[in-house]
Amino acid sequence: MRRKTVFIFSGQGSQYFQMGRGLYEQNRTFKLWMDRMDVQVRDTLGTSVVQTLYGERSKGDPFDDIRLTHPAIFMVEYALAQTVIERGAEPSFTLGASLGTLAALAVSGHIYFEDAVDLVVRQALVIHEHCPHGGMIAVLAGPEIYEDTPFLQARSVIAGQNFASHFILSAPGANLLSIEAFLTRAGITHQRLPVLYPFHAPWIDPVREKLIGAMDGFCVRNSSVPVVCCALGKTVHEVSAEYFWMVAREEIAFMRTVAWMEEQGPFDYVDLGPSGTLATFLRYLLAEKSRSSSHSVMTPYTRDAEQLERVMEQIEVNDYQAEFGT
């Protein structure tokens, strides 16, 4: 019997220039899907995401224009999922964090990928035009740092809890430098994410109605593949325009979601996000006795095509061991 596989998808902050270039140049399936979606995005934006991604900009250059990063993240994740599926790895579940929920819904078959591309572009345009600026900071410490610090509480909120010693702060733009200065003085490791908006926080509330309006009018289908959402911490049972607002507004409860998933496991968690960060978080979350495993297909530091081969080989080994008990 094949082990159950979970495809997991990350959201804003995981993007960078050149993400997926190795597969785009070497893998026919990945390129086909990227080009197909790029045509649709270009018809709306007048700009090619593929040309932007694989132009002259380096991985270290800031990539934070949401009009391009939003569709780029979805396109890479969806194309990568289709590439892995073609190789024989079918998902038993899909799991989405923030924007990654759209990829989870599309890959699982709950929404058409064309609708998902349209939704992600519409959402990006509304955010670009109407959302107040801000940012998000990854903090390598336990959340008690925030809970014990009125300075941080007055200027930010926790936007996500990834594992016991890693959380995300979201804050308005005017507060970011003072928060970073405080964390530096306190000797706390942190990193500003390439995100220009305070997602998963009350500062985006003024655009609620516009975002809900942008998400309206799509078609939801039945599918045998359940979708797990990090805003809910469990399986999604109803998809609506209001649901998409909740995904952008509520805290990303990755730690709690994985705890719930492990009750259904074991799984092969396959991170199909651009940076492989969720697979890294899983290595801290999975109990020592857990029979689950985590895999990242793409990171900024590995060769995409070679990493894909390694992951597919490991999934095959896990399937063999599950079937024959070795």
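Considering every non-hydrogen atom in both V50 and M34, the closest pair reads CG2-O, 4.0 Å. Annotation for S108 and T94: closest pair CB-OG1, 3.7 Å, computed over non-hydrogen atoms. The heavy-atom pair separating D118 from Q40 by the smallest distance is N-NE2, 3.6 Å. Scanning all heavy atoms of the two residues, the minimum distance from S296 to V311 falls at O-CG2, 3.5 Å. Taking each heavy atom of G22 and D304 in turn, the nearest pair found is N-OD2, 3.4 Å. A pairwise comparison of heavy atoms in M19 and P274 identifies SD-CB, 3.4 Å as the closest pair.
V76 and V117 end up in the same hydrophobic cluster when Ile, Leu, Val, Met, Phe, Trp and Tyr side chains are linked at under 4.5 Å. Under the 4.5 Å side-chain heavy-atom criterion for Ile, Leu, Val, Met, Phe, Trp and Tyr, F267 and I315 are members of distinct hydrophobic clusters. Under a hydrophobic clustering in which Ile, Leu, Val, Met, Phe, Trp and Tyr are joined whenever their side-chain heavy atoms come within less than 4.5 Å, directly or via other members, F9 and V41 fall into the same cluster. A continuous path of ILVMFWY side-chain contacts below 4.5 Å connects L53 to L32, so both sit in one hydrophobic cluster. I168 and I127 fall within the same hydrophobic cluster, defined by Ile, Leu, Val, Met, Phe, Trp and Tyr side-chain heavy atoms under 4.5 Å apart, directly or through other members.
Atom CD of residue E114 and atom CZ of residue R36 lie 6.0 Å apart, to the nearest 0.5 angstrom. Note: I188 CD1 to I145 CD1 = 4.5 Å, rounded to the nearest 0.5 Å. Here Q191 contributes atom CD and L183 contributes atom CG; the two are 12.5 Å apart, rounded to the nearest 0.5 Å. In this structure, N27 CG and E25 CD are separated by 12.0 Å, a value rounded to the nearest 0.5 Å. Atom OG of S48 is separated from atom CZ of R42 by 5.5 Å, given to the nearest 0.5 angstrom. Atoms CG and CZ, from N162 and F281 in turn, are 4.0 Å apart once rounded to the nearest 0.5 Å.
By the 4.5 Å heavy-atom criterion applied to side chains, L285 and F254 are counted as neighbours. A 4.5 Å side-chain heavy-atom check between L80 and M298 finds at least one atom pair inside the cut-off. Proximity of T257 to V228: side-chain heavy atoms (C-beta onward) are separated by under 4.5 Å at one or more points. The shortest distance between side-chain heavy atoms of V84 and F7 falls below 4.5 Å. Put simply, the side chain of H110 does not reach to within 4.5 Å of the side chain of V239, judged on heavy atoms. Using a 4.5 Å cut-off on side-chain heavy atoms (C-beta onward), P143 and I158 make contact. Looking at T52 and F17, their side chains come closer than 4.5 Å, going by heavy atoms from C-beta outward. Considering only heavy atoms from C-beta on, E262 comes within 4.5 Å of S290 through its side chain.
Side-chain atoms of Q314 and S293 include no donor-acceptor pair closer than 3.5 Å. At a cut-off of 3.5 Å, with distance as the only test, no side-chain donor of S58 or Q18 sits close to an acceptor on the other residue. Residues Y24 and D35 bring a donor and an acceptor atom of their side chains to less than 3.5 Å of each other.
Between F113 and Y78, the angle of the ring planes stays under 30°, which puts this pair in the parallel group of the 30/60° scheme.
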Margin query: side chain to side chain contact (heavy atoms under 4.5 Å, CB included), that's the test. Do H190 and L140 meet it? Break it down for me.
Written below: CA-CA 6 Å; H190 61 280; L140 193 59; over 6 Å; no
Next item on the list: Tell me, with the steps shown, if T302 and T299 meet side chain to side chain donor-acceptor pair (under 3.5 Å).
Entry: CA-CA 6 Å; T302 56; T299 79; 3.1 Å; yes
Item checked: Criterion side chain to side chain contact (heavy atoms under 4.5 Å, CB included) on C219 and D115, from CA distance to verdict -> CA-CA 8 Å; C219 177; D115 289 343; 4.2 Å; yes
Note to self: Pair V236, Y243 - check side chain to side chain contact (heavy atoms under 4.5 Å, CB included), show working.
What the structure shows: CA-CA 9 Å; V236 178; Y243 168 75; 3.3 Å; yes
Margin query: Quick one, R87 with L308, criterion side chain to side chain contact (heavy atoms under 4.5 Å, CB included). Give me CA distance, side-chain angles, the key distance, then yes/no.
Written below: CA-CA 10 Å; R87 292 291 304 272; L308 173 64; 4.3 Å; yes
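Residues F63 and Y16 place their aromatic rings such that the two centres sit no closer than 6.0 Å.
By the 4.0 Å N-to-carboxylate-O rule, R28 lies too far from E86 to be salt-bridged with it. Between R303 and E309 there is no salt bridge, since no side-chain N of the basic residue sits under 4.0 Å from a carboxylate O of the acidic one.
For the pair R221 and Y112, the cation sits on the ring face: its NZ or CZ lies under 6.0 Å from the ring centre, inside 45° of the axis.
Remark: F151 pairs with F182 by the ring pair (Phe, Tyr, Trp, His ring centres under 6.0 Å) rule, at least two apart or across chains.
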Could you pull out all donor-acceptor pairs under 3.5 Å where a side-chain atom in residues 193-205 meets a protein atom, sequence neighbours excluded?
| unit_1 | atom_1 | unit_2 | atom_2 | d |
| --- | --- | --- | --- | --- |
| H200 | ND1 | V247 | O | 3.4 |
| H200 | ND1 | A248 | O | 3.1 |
| H200 | ND1 | E250 | O | 2.6 |
| H200 | NE2 | S98 | OG | 2.9 |
| D205 | OD1 | R249 | NE | 2.6 |

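Counting only residues at least two apart or on different chains, the salt bridge (charged side-chain N to carboxylate O under 4.0 Å, His left out) pairs with a member in residues 161-184 are E180-R192. Sorted pairs that involve residues 225-241 and meet salt bridge (charged side-chain N to carboxylate O under 4.0 Å, His left out), not counting sequence neighbours, are lacking altogether. Applying the side chain to side chain donor-acceptor pair (under 3.5 Å) definition to pairs two or more places apart or across chains, none involves residues 131-160.
Residue Y301 is found outside any hydrophobic cluster, as its side-chain heavy atoms come under 4.5 Å of no other Ile, Leu, Val, Met, Phe, Trp or Tyr.
Summarising the local packing, CZ of R21 is surrounded by more than 12 heavy atoms from other residues, nucleotides or ligands at distances under 6.0 Å. Dense packing is recorded around CD of Q264, with more than 12 heavy atoms of other residues, nucleotides or ligands lying under 6.0 Å away.
At distances below 3.5 Å, not a single donor-acceptor pair connects side-chain atoms of R67 with backbone N or O atoms of L125. At least one donor-acceptor pair closer than 3.5 Å links the side chain of S275 to the backbone N or O of S14. When atom types are taken as modelled, the side chain of E77 and the backbone of S10 share a donor-acceptor pair closer than 3.5 angstrom.
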